[in-house]
Amino acid sequence: MSTAGAQNRCVLLVDDDPFIVAVYVAKLKRAGLDVDAVTDGAEALRRLSSVRPDLVILDLNMPKLNGIEVLKHIRNTPTLATLPVLVLTNVCSDSVMREAWEARPTRYLIKRETTPNAVVEEVVALLQAAPLPAAAPAPAEIPAPAAPSADADWVEQVGVQMKAVLSSRTTDGFREALYRFRELVRPQLSQRRSQPEGSFIVLFADAMDSLFEEFYGHPENVSPSLLRAFELCGERLSRLFAPESSVPSRSFRVATVLVMSEDDVLRESLGRILDRPSFRPIRVGEMGAALHLLRENAFRLVVLDTGTGDDYLERIQALSTGAPGPVIVVTAAEYYRPSQKPGLERVSKPVNPVDLYVKALLLAESSGG
Amino acid sequence: MQPETITPAAIAASVVFDERILTEAASGSRTEARELVSMFFSLTDAAFREMQEALQRGDLDVLRRLAHRAAGSAATCGLPRLMLSLRAVEQAPDQPGAAAALQTAEPVYREARSALVRFVRTEAIP
């Protein structure tokens with residue numbers, strides 16, 4: 001097999017089976033290719049947002065985000081749309097194959113009906129083909145958004161696209177609107193990643209990435225509470241890049257957060273979500289102790305599990321020592337209502353880590369990050 | 001094309017170990033074959049353990065995902081019988097069916113293991 005024309009080309013291998021990865025990485029490297037391997041779809045999207053390989057080998061049945069979703073993302077992203085994608089899977093049911101074909105792979109191979117050598121030959125042939133398969137222009141129904149600039153028009157567009165996401169009534173409509181929103185904001189956020197690690201803008205960009213991953217990778221987790229986190233991000237984004245504002249490159253000061261829940265498991269879980277370099281969660285399991293700490297110390301944020309009602313919130317707000325700072329109330333899903341009060345947000349149970357983290361970051365920043 | 005139903009007869013009729021497939025996967029290298037076999041044992045031992053745990057929890061989604069992945073590894077390692085028996089686990093419609101399929105797959109894995117051990121100990125590969 002001649003590999004001329006394919007040497008040193010970069011292949012992204014996406015498969016959750018370490019054994020398959022080991023076999024194929026060795027084979028592809030032996031053929032003179034550069035290989036990058038990831039083990040789930042969400043990681044593949046992260047990689048594709050920073051690197052454009054020459055070809056993707058994609059499994060379908062994977063945790064976090066399946067291969068069909070990854071393929072759709074590739075075909076719907078203008079900069080990736082023409083990338084050759086070789087689906088390599090053992091999934092061969094009618095419905096899955098149909099869905100995969102509709103997402104337009106370049107080749108579809110069944111693992112048990114092929115061999116590693118045959119796959120490598122196929123990869124080399126695809127890489128040698130010139131021009132590379134142009135099977136997949138961005139779909140007409142999702143026009144590429146205009147190149148963004150941080151001007152008034154861009155800020156207005158952020159607001160418009162955000163509303164389109166929030167008002168979507170169907171899964172497809174939601175994804176389409178989300179796609180437009182992401183394509184609009186991503187270049188701005190990418191540019192700002194050159195800011196020092198730990199600066200608010202970098203943390204914010206990471207938080208938005210996590211939100212997108214959650215929306216794409218776990219659509220079943222989309223809740224009113226998570227959509228509110230998205231809305232807060234959209235609002236903050238508009239203010240961050242408003243023409244009259246300077247982009248804050250300052251560091252996000254580590255935020256000490258009081259985490260109060262009488263439920264041992266929930267308290268530990270909330271604390272762990274915030275156990276990151278940018279936060280210092282202090283866990284408290286009893287309301288009297290929480291009030292005492294709030295009187296004696298300055299917290300940038302309180303995360304409060306109110307149990308059956310809002311009595312605890314009222315007691316915190318009634319503290320005579322002045323405003324306790326912003327509060328996130330953890331509430332049962334059936335009682336969840338978006339807050340109308342500045343400095344007060346709610347997170348519904350079961351707590352989605354992305355939801356809590358995004359709200360905590362934004363509220364802590366507003367109180368002196 | 002619907003996935004074919006995997007019968008016990010089809011499993012019994014399939015080949016335990018096709019050494020050409022493993023030899024090809026290892027690019028004909030004895031060292032690489034040994035490494036692959038060692039990795040395969042480690043991953044598949046863990047997969048069977050986790051499948052039993054998932055079965056006891058009644059978590060068929062996890063059980064099917066584990067079986068699907070292990071079947072892929074088995075196919076690449078040249079173990080058609082094990083691959084088929086794991087696909088039977090993946091396709092089991094309910095918990096009793098999954099339990100029965102897993103019970104069938106376990107001795108097939110032991111048999112596959114023995115075949116691989118014999119293979120890496122012989123001079124069958126350069």
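Every chain is numbered from 1, with letters handed out A, B, ... down the list of sequences. The shown structure was predicted, so the numbers you read here are calculated from the model rather than taken from an experiment.
Counting heavy-atom pairs under 4.5 Å between each of Ala25(B), Ala26(B), Ala75(B) and chain A puts Ala25(B) at the top. Chain B forms more heavy-atom pairs under 4.5 Å with one residue of Asp59(A), Asn61(A), Asp15(A), Val23(A) than with any other, namely Asn61(A). Interface summary for chain A: among Glu90(B), Arg69(B), Met39(B), the most heavy-atom pairs under 4.5 angstrom belong to Arg69(B).
A distance-only check finds no donor-acceptor pair linking the side chain of Lys111(A) to the backbone of Ser73(B) [under 3.5 Å]. The main-chain N or O of Asn117(A) is found under 3.5 Å from a side-chain atom of Glu24(B) such that the two form a donor-acceptor pair.
Atom CD of Gln103(B) sits in a sparse spot, with 12 or fewer heavy atoms from other residues, nucleotides or ligands closer than 6.0 Å. Other residues, nucleotides and ligands contribute at most 12 non-hydrogen atoms within 6.0 Å of the CZ atom of Arg20(B). Around CZ of Arg46(A), the count of heavy atoms belonging to other residues, nucleotides or ligands within 6.0 Å exceeds 12.
Of the atoms belonging to Leu43(B), it is side-chain heavy atoms, and not backbone ones, that fall under 4.5 Å from chain A.
A salt bridge links Glu32(B) with Arg30(A): the distance from a Lys NZ or Arg NE/NH1/NH2 to an Asp or Glu carboxylate oxygen falls below 4.0 Å.
Put simply, CZ on Phe19(A) and OG1 on Thr76(B) are 6.5 Å apart, with the number rounded to the nearest 0.5 Å.
The two residues Asp17(A) and Gly72(B) make their nearest non-hydrogen contact at OD2-C, 4.2 Å.
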